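Following: one structure in structure tokens, then a few remarks.
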Amino acid sequence: MSRYDARNIEPKWQKAWQEAGTFEAKRDPSRPKYYVLEMFPYPSGRIHIGHVRNYTMGDVVARYKLATGHNVLHPMGFDAFGMPAENAAMASGGHPKTWTYDNIDTMVEQMKPLGFGLDWSRMFATCDPEYYGQQQAMFIDFMEKGLVYRKSAVVNWDPVDMTVLANEQVIDGKGWRSGAEVERRELTQWFFKISDFSEELLEALDGLEHWPEKVRLMQANWIGKSRGLRFAFPPVGEGEAIEVFTTRPDTLMGASFVGISPDHPIAKKLEAENPEIAGFVAQCRKGGTTAEAIETAEKLGMDTGLRVTHPLDPDWELPVWIANFILMDYGTGAIFACPAHDQRDLDFARKYELPVIDTFYALDDPKPVVREAFVPPKSEKVKWINHFAGLDEATGEEAIEATIRFAEEKGWGTGVTQYRLRDWGLSRQRYWGCPIPVVHCDACGVVPEKKENLPVKLPDDVSFDVPGNPLDRHPTWRDCTCPKCGAPAKRETDTMDTFVDSSWYYARFTNPHADTPTVAEDVDYWMNVDQYIGGIEHAILHLLYSRFFARAMHICGHLPEKSKEPFNALFTQGMVTHAIYMTRDEKGRPVYHYPEAVDLRDGKAFLKESGAEVEVIPSAKMSKSKNNVVDPVDIVETYGADTARWFVMSDSPPERDVEWTAAGAEAAAKHLARVWRLADEIAGASGPGEGDDDLLRETHKTIDAVTKGIDGFLFNTSIAKLYAFTNTVQKSNAGAEAKRAAMRVMAQLMAPMTPHLAEEVWAHLGGEGLVANAPWPVADPALLVSDSLTLPIQVNGKRRDEITVPKDMAKDEIEALALATDGVQRALDGAVPKKVIVVPGRIVNVVA
RNA sequence: GCCCGCGUGGUGGAACGGUAGACACAGGGGACUUAAAAUCCCCAGCCUUCGGGCGUGCGGGUUCGAAUCCCGCCGCGGGUACCA
């Protein structure tokens, strides 16, 4: 008997696939194409077990589709621009470029032994000038189509380092390096007009049938369509009217004050005139730019002294407050507050002793608001108090529409549809990104670079010893001539958000080295991505930006109409987690231990070195600082790629997090060894046996279940079925030929998950050619049904007995049999059943 | 704060609204072995007076029947527009 030696066998089959060109994708209109794509990795330096899981899922799909006769495109690349490379350069003095390309080399080297069926000839990194040059060309196309503009927007400003910070570099409102209190500062920045597509991006979500409902919901909420009223509060005396947008115009009679953003033009004007207001506004600008920081900050306000009048009552004066929770980006940057029906407004009103005016009560409980705002669902009927449009009992929805109609008829307001989605700010004041290909000319203004001058390449001679953007302080890089008038001019030094890079890479894979962004024949053939796989953390930004980008590319002729939604199906997978092993030092500080340093016995953990007991924190996100990272390279060296692949596909459902355990990996390795032993034994067997038909039946049931599992992204259930099938084959007394046939099917069904072992078993049992190319087995429906079935019998929903009956027995016969069972008789205890429910093929429930 | 998920034995998990716990890990027992490893076989949610009772984070509800649907909580995770 031969032992299965993954270390020798795996490279052998990898070479065989390479020589046969099994995974090289070539256009072939005679075959249906299938494009499977996993979100490409950031080149952090080493692959992570989470990558292994992600790419194994894609590979299972790719190999399965290949076996079902598809022409499969399954590419890989790197999302290679971004901050970590600059941080590494700052920390250790290297260059982002060498750091990034070295990391890519390492990661490719680590990925290849895993045996993914990838077309490596299509690999690229987004920091390749060949790629970002095409991105620059598209940026210029977008400019021509009016999809790009500049405007002022706020950034996190570190007043000590004099630099812009990313949100993650702001910790508790302070700069991560300087520790200085961060402030929000305005800067002129580049924007994509994604807001022009708000309605379209929202509506098209309905067509994304093969996307998870939760992702579509998140995107819909993010786009945030709302109907409301836009109107102005006229000023008292001199001054300007204040235009507001509200989604609850029906509560206008409950208005207590008008609030404006600290960035509102009126606030800015007052800031310039009034030192007290200037101080307050400065206070409001403290802290980072995130919605979280703004919304969880203490609510602050200041009375400006300005007064406006209520649009329905010229004698009713309302104060104008500046409030830190009002965003200039949404609506008009000004609101009216109705404390009785909005908790935030109520908290603010109580704090600053502003009036609280009820506008409606609950039908059954007409009590005034005290400490909790009354905010019923808009679909619920309420009792209105003195409503100006004459409402008595009506829902919020009805009242809102009635109010809008009323305002429009009287001419003091307009019903408008508002979206929360903001334009995409793509400017980054950083080096390691795609340069924005424009030139600033004193005479001509902002001018796009000529396409023949692309790519605008990043200079290599830069330093990271001081904070700020190295492009800004480069001695010569900025110098250029104006593409329009030829006069000396300066290059733009902002680079693009890395989300731009990842918004079109899927299209570039269809012809990665073309000298245009895409080539029509290739995108026509390969697009769309049939199955996209990646983390749920990308549910909103990356996926929404990609959807926008595909539309913009279509407008510029780089993608066909059908690719406006580029991802036909989306699957979001969970993370791989690992226990943290922790002890404490003499000062009580945590000390983290590597899994290799820990022994597990009797459900407890001990340090190998000292025998000291270790605290186990289960299911933690893998993190280098916690020493709970398992390296796929070690796993592959110890057990082989198939074991790693089998493990990450087993046990946990793919969309959920999976905990990596050494015991689980060991178990996977044992199972694969067992499959090999079984195959080896069967290969040498001969002669007839008993139960060939039963084995065939089980084989087809397994084909059916495994196929359904793969189709439905329930790989863990496919694997459970394959475990069960191994048990079945092992226990079967069927003849040698029947067992060999069963085992060849086993090889085929396992091939997507454990391709190397599958090839070896296939070859050993006389399979023809590569199992990778063998047509996927098809279950015979006739072999899936049994002649008889077992029905559980419930009494009042509790299982009391069961009966085994022919599969087509009549309902009344089943009912009679069920009532006669001991279990039912005992449970009924002489009572007469009121009703008997027979669900054919499922269950019988006796209601007593 | 807001939006979206998730929560089932000691553990990972399975279960078209229809027998809760498939399949595995850890555990217990046995076979083989001088012994061990490896392998193979068997047992196994909890409680029980052996009739049964209780069980899918907690509390309600809908239903003949709820892990699954609805409402309200609790806990954990993801996102929150400059992490990718």
Side-chain angles (χ1 to χ4, degrees), chain A residues 39 41-42 44 79 81-84 155-156 164-170 189 194 212-215 217-222 224 288-297 325 329 343-344 420-430 497-499 501-502 535-542 544-545 572 574-575 577 600 602-603 618-619 621 650-653 655-659 661 663-664 666-668 670-671 673-674 677 714 716-717 719-724 727 730 790-802 826-827 834-837 839 841-848:
Chain A
M39 290 180 186
Y42 180 79
S44 55
D79 188 14
F81 275 135
M83 289 204 313
V155 293
N156 300 303
V164 177
L165 298 179
N167 287 332
E168 76 161 3
Q169 297 172 322
V170 179
Q189 314 222 66
I194 188 171
E213 184 56 34
K214 61 180 169 186
V215 175
L217 234 185
M218 280 188 257
Q219 292 214 355
N221 289 337
W222 185 259
T289 58
T290 64
E292 190 191 357
I294 290 166
E295 299 217 26
T296 56
F325 57 86
D329 288 319
Q343 191 60 44
R344 189 176 56 185
R420 204 184 72 101
L421 179 66
R422 305 201 298 257
D423 277 332
W424 173 7
L426 69 122
S427 286
R428 296 293 180 269
Q429 293 72 42
R430 268 181 263 288
D497 177 9
T498 55
F499 274 124
D501 312 334
S502 55
I536 186 67
E537 65 274 21
H538 295 294
I540 297 174
L541 295 180
H542 162 61
L544 191 62
Y545 289 154
T572 57
M575 295 182 301
T577 63
L600 298 174
D602 311 328
S619 304
K621 201 189 298 186
S650 61
D651 286 351
S652 260
E655 70 276 13
R656 236 195 270 180
D657 293 350
V658 63
E659 170 133 13
T661 62
E666 187 74 39
K670 275 187 190 172
H671 179 73
R674 181 174 162 225
R677 267 199 312 279
L714 299 161
N716 56 322
T717 63
I719 287 194
K721 205 68 197 172
L722 286 165
Y723 269 107
N727 294 338
Q730 190 156 20
T790 301
L791 292 178
I793 317 295
Q794 296 181 331
V795 176
N796 291 332
K798 284 191 199 300
R799 183 185 177 281
R800 296 298 175 182
D801 216 320
E802 62 180 35
R826 206 164 37 227
K834 291 191 188 108
K835 192 173 164 188
V836 181
I837 291 153
V839 184
R842 276 284 164 198
I843 203 166
V844 180
N845 191 14
V846 179
V847 185

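The basis for the numbers below is simple: all heavy atoms, side chains too, and nothing from hydrogens, waters or symmetry mates. Because the structure is a prediction, the values reported are computed rather than measured. Each chain gets a letter, A, B and so on, in the order its sequence line appears, and its residues count up from 1.
Among the atoms of the strands shown, none is found under 4.0 Å from any heavy atom of A:Arg344. Residue A:Val155 is classed as a base contact, given a heavy-atom separation below 4.0 Å to a base. Among the heavy atoms of the strands, none lies under 4.0 Å from A:Val846. Base contact: A:Phe499 has a heavy atom under 4.0 Å from a base atom. Residue A:Gly664 is out of contact with every strand shown, counting any heavy-atom pair closer than 4.0 Å.
A:Tyr545 has its OH atom 12 Å from the P atom of B:A84, to the nearest Å.
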Reading nucleotides 13-24 of chain B from the 5' end, what letters show protein touch, with B for base, S for backbone sugar-phosphate only, - for no heavy atom under 4.0 Å?
-> SSSB-BB--BSS

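Spacing of P atoms, B:G28 relative to B:G72, comes out at 47 Å, to the nearest Å. A gap of 28 Å separates the P atoms of B:G61 and B:G10, to the nearest Å.
Contact annotation: side chain of A:Gln189 to base of B:C82, donor-acceptor pair present below 3.5 Å.
For A:Gln429 and B:C82, the shortest distance from a side-chain N or O to OP1 or OP2 is not below 4.0 Å. Using a 4.0 Å cut-off, no side-chain N or O of A:Arg422 falls inside it from OP1 or OP2 of B:A81.
When base pairs are accepted only as Watson-Crick or G-U wobble with both N-N or N-O distances under 3.5 Å, RNA chain B takes part in stems of 3 or more pairs at B:1-7 with B:74-80, B:10-12 with B:23-25, B:27-31 with B:39-43, B:45-47 with B:52-54, B:57-61 with B:69-73.
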